[in-house]
Amino acid sequence: MLPSSPMTRHPDELPPQRKIELLDPLVANQIAAGEVVERPASVIKELVENSLDAGANYIQIRLKEGGRTLVQVIDNGYGLDGASAKLAFLRHATSKLRTAEELMGIATFGFRGEALASILAVANVTLTSRRADMDVGVRLTGGGAVALREEPAGCPVGTDIQVADLFFNVPARQKFLRTAATELGQILRFVDALALARPDLHLTVHHNDRKVADYPADPDLMRRTHAVLGANVAARLYPLADDYEYQVRGLLSEPGLHHGGPGQLTLLVNGRHVADRTLQHAVISAYGTLLERGRYPIGVLAVDCPEGTVDVNVHPAKTEVRFVQSQAVFASVVRAIRGMLAGTPWVKEPLAERLPVPPGTPTTPRDVATWQPMREQLPSAWRPSAVQPYRPTQPSFSGVADSGQPPLPEAQPEATTYSGLRYVGQIGKCFLVCETADAFVLIDQHAAHERVLFEQFVQRARTSGYAMQQLLIPQTIPLIPVEVAALDEAAELLAPLGFVIEAAGQRAVRVRAQPAILRDRDVAAEVRALAVSLTQGGRGAGTLETLERAAATLACHAAWRAGDTMMPDDVQRLLREMEGVDLSAYCPHGRPVVFRANWSEVGRWFGRP
Ligand code: ADP
Ligand code: MG
């Protein structure tokens with residue numbers, strides 16, 4: 001007998017070998033569900049996109065517990081008959097795609113035929129639907145391993161799909177669901193982006209039977225943007241439109257209005273909302289040094305690509321795309337945005353060097369003095385007319401309730417010089433009453449001071465550093481290890497804010513100096529608050545984000561509080577400091593700071609003519 005090679009192992013040493021079998025469809029769908037329906041927001045996305053593909057222009061979303069217990073989407077699209085509805089729940093069943101060649105020109109949101117099958121595998125589903133040409137609708141009920149049951153149903157034309165108890169049979173996935181508030185937030189972010197992308201849709205969201213969003217169809221992009229982003233943001237957006245190589249449309253914020261992530265920058269490719277890296281980078285590089293590192297402008301950017309130049313089948317949830325000529329797309333976006341920036345008051349001649357102007361950019365900037373967000377320049381739709389929007393083949397709309405137009409907020413909040421206000425007095429130990437010749441002004445003393453201090457902390461941290469006060473005796477403050485690590489890591493950033501902090505072992509920090517303004521406050525309490533806010537930033541939070549978190553915490557603690565009695569001198573000082581601070585920009589806690597009403601409006605409250 002030949003000696004066995006060292007490679008040969010005795011069968012007993014090997015793990016038991018299992019037979020190859022095709023996956024059970026339920027298991028296959030549960031696995032697919034992991035990619036397509038991660039959480040309630042992704043279920044909503046799939047269902048709403050199906051409604052759009054079915055030609056709906058009125059979509060109602062109803063949720064319970066952030067969508068964890070119920071997600072419901074009701075549309076006025078063309079509906080399904082019983083046989084198609086049953087087919088629709090099979091994996092790879094789609095009415096939208098027949099051949100691989102069609103993929104490059106796909107105009108529908110869906111095409112993979114996976115969503116309904118995946119959802120059915122991990123939730124209890126009820127679909128009720130009727131086509132316009134049928135007298136009676138159909139209802140299908142099922143979920144997980146339970147087969148679909150079909151029955152006739154009386155219902156309006158369109159589709160109503162309820163998805164209950166998401167991941168009831170996949171506990172491992174259920175564990176990853178966040179609180180109802182977090183899930184709801186994700187859903188609203190999706191709805192807001194869709195509302196921006198498609199002003200022609202009427203969208204409503206109810207959460208636990210309370211209406212939380214209602215965007216009636218409004219073809220006016222500016223008005224829709226007001227409705228979604230609020231007047232303060234909308235007033236600081238500027239339109240752009242460029243057809244050089246690719247068609248680029250948008251409404252983007254002035255450089256002074258930005259966000260710590262791309263979450264408020266809605267990117268559309270052929271009307272599809274995407275989170276595309278190429279486009280994000282293009283936007284950032286177009287702003288160049290006008291934006292801090294890690295900051296993103298706010299608004300909408302829509303790129304239209306001819307058929308065959310973009311592949312949307314890169315990601316199961318279709319949130320990413322691949323451009324055939326990504327460099328050209330990049331250049332077009334940069335060009336379009338710089339064209340817009342070139343005319344803004346933020347980019348004048350000196351910046352020409354900082355922003356190399358791409359070919360074809362208008363060379364004479366618009367007259368800066370007269371430049372302002374121009375309504376007339378606003379594109380009437382994100383998609384230029386040359387590109388035909390997708391039209392469903394089977395349109396059948398039931399009547400859309402005609403809810404009145406939303407009131408149009410003022411385009412520009414009127415400027416107020418705070419130091420010029422006449423201070424009348426403090427009310428409720430929290431609000432400062434002031435007036436001018438033509439307006440009544442109410443200021444939240446805490447919010448306003450907090451905003452001022454936040455600005456000062458951030459500004460001075462970058463320049464001279466914030467005034468600090470050495471502690472006579474360094475103070476040791478016990479904390480948990482992650483907090484110690486977070487503070488220690490941020491030490492270099494905290495110093496310009498006036499804090500000199502170092503780790504003292506794993507469970508304490510030593511404070512040697514604190515910002516002068518915190519003079520009579522409790523250092524230990526400040527440091528603990530700081531530790532909490534820094535640890536919430538998560539690992540790898542950018543420098544600026546960390547600085548802002550720290551500044552926001554300090555500002556909140558150092559500011560006048562509700563209940564503090566402010567002397568007239570204190571108020572005057574605050575009003576002076578408010579000068580030059582942009583109070584319409586995000587306040588550290590996102591709350592309004594100043595309320596202003598013209599006397600004519602006050603008169604109206606009392607029914608004066
Ligand atoms: P896909 O959207 O990729 O085709 P789905 O699983 O999401 O796959 O849907 C399967 C099919 O079910 C769709 O192709 C469509 O024909 C049909 N369908 C789904 N939702 C609706 C709806 N709300 N109205 C009409 N038809 C629908
Ligand atoms: Mg779909």
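Numbers here are sequence positions counted from 1. Below, all heavy atoms of this structure are taken into account, side chains as well, without hydrogens, waters or symmetry copies. Numbering of ligands and ligand atoms starts at 1, following listing order.
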A.B. asks: Using a strict cut-off of less than 4.0 Å between a Lys/Arg side-chain nitrogen and an Asp/Glu carboxylate oxygen, indicate whether E320 and R322 qualify as a salt bridge.
C.D. replies: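 No salt bridge links E320 with R322.
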A.B. asks: Is the shortest side-chain N to carboxylate O distance from R178 to E183 below 4.0 Å?
C.D. replies: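 No, this pair does not count.
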A.B. asks: More than 12 non-hydrogen atoms from neighbouring residues, nucleotides or ligands closer than 6.0 Å to CG on L14, yes or no?
C.D. replies: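 It does: L14 CG has more than 12 such atoms within range.
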A.B. asks: For A93, counting its heavy atoms only, list the atoms of ligand 1 lying under 4.0 Å from any of them.
C.D. replies: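 Those atoms are 10 (C).
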A.B. asks: Do the non-hydrogen side-chain atoms of E254 and Y238 ever get within less than 4.5 Å of each other?
C.D. replies: yes
A.B. asks: Does even one non-hydrogen atom of G77 get within less than 4.0 Å of ligand 1?
C.D. replies: no
A.B. asks: Under a 4.0 Å heavy-atom limit, does L116 contact ligand 1 with its side chain, its backbone, both, or neither?
C.D. replies: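 L116 to ligand 1: contacts from backbone and side chain alike.
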A.B. asks: For atom 18 (N) of ligand 1, grab the closest protein heavy atom and report residue, atom and distance to one decimal in Å.
C.D. replies: L80 CD1, 4.0 Å
A.B. asks: Identify which protein N/O/S atoms are less than 2.8 Å from the Mg ion (ligand 2).
C.D. replies: N50 OD1
A.B. asks: Looking only at N/O atoms, are E46 and ligand 1 under 3.5 Å apart anywhere?
C.D. replies: no
A.B. asks: Before signing off on this row, confirm whether G79 and ligand 1 have an N or O atom pair separated by under 3.5 Å.
C.D. replies: no
A.B. asks: Which bit of V73 gets closer than 4.0 Å to ligand 1, counting heavy atoms only: side chain, backbone, both or neither?
C.D. replies: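 V73 to ligand 1: no contact under 4.0 Å from either part.
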A.B. asks: Distance-only criterion, 3.5 Å: show the donor-acceptor pairs between side-chain atoms of residues 162-170 and protein atoms not counting sequence neighbours.
C.D. replies:
unit_1 : atom_1 : unit_2 : atom_2 : d
D165   : OD2    : N124   : ND2    : 3.2
N169   : ND2    : A121   : O      : 2.9

A.B. asks: Just one of L341, L265, L257, V300 clears the side-chain contact (heavy atoms from CB on, under 4.5 Å) bar with L252, so which one?
C.D. replies: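 One option only clears the test, and that one is L265.
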A.B. asks: Which one holds for A54 and ligand 1: side chain close, backbone close, both close, or neither close, with close meaning a heavy atom under 4.0 Å?
C.D. replies: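 A54 to ligand 1: side-chain contact only, backbone stays beyond 4.0 Å.
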A.B. asks: Determine whether any heavy atom of R112 lies closer than 4.0 Å to an atom of ligand 1.
C.D. replies: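 Judged by the 4.0 Å heavy-atom criterion, R112 does count as contacting ligand 1.
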A.B. asks: If you define the side chain from C-beta out and look only at heavy atoms, does anything of L203 sit under 4.5 Å from I61?
C.D. replies: no
A.B. asks: Does the N or O separation between F111 and ligand 1 drop below 3.5 Å for any pair?
C.D. replies: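 Yes; at least one N/O pair falls below 3.5 Å.
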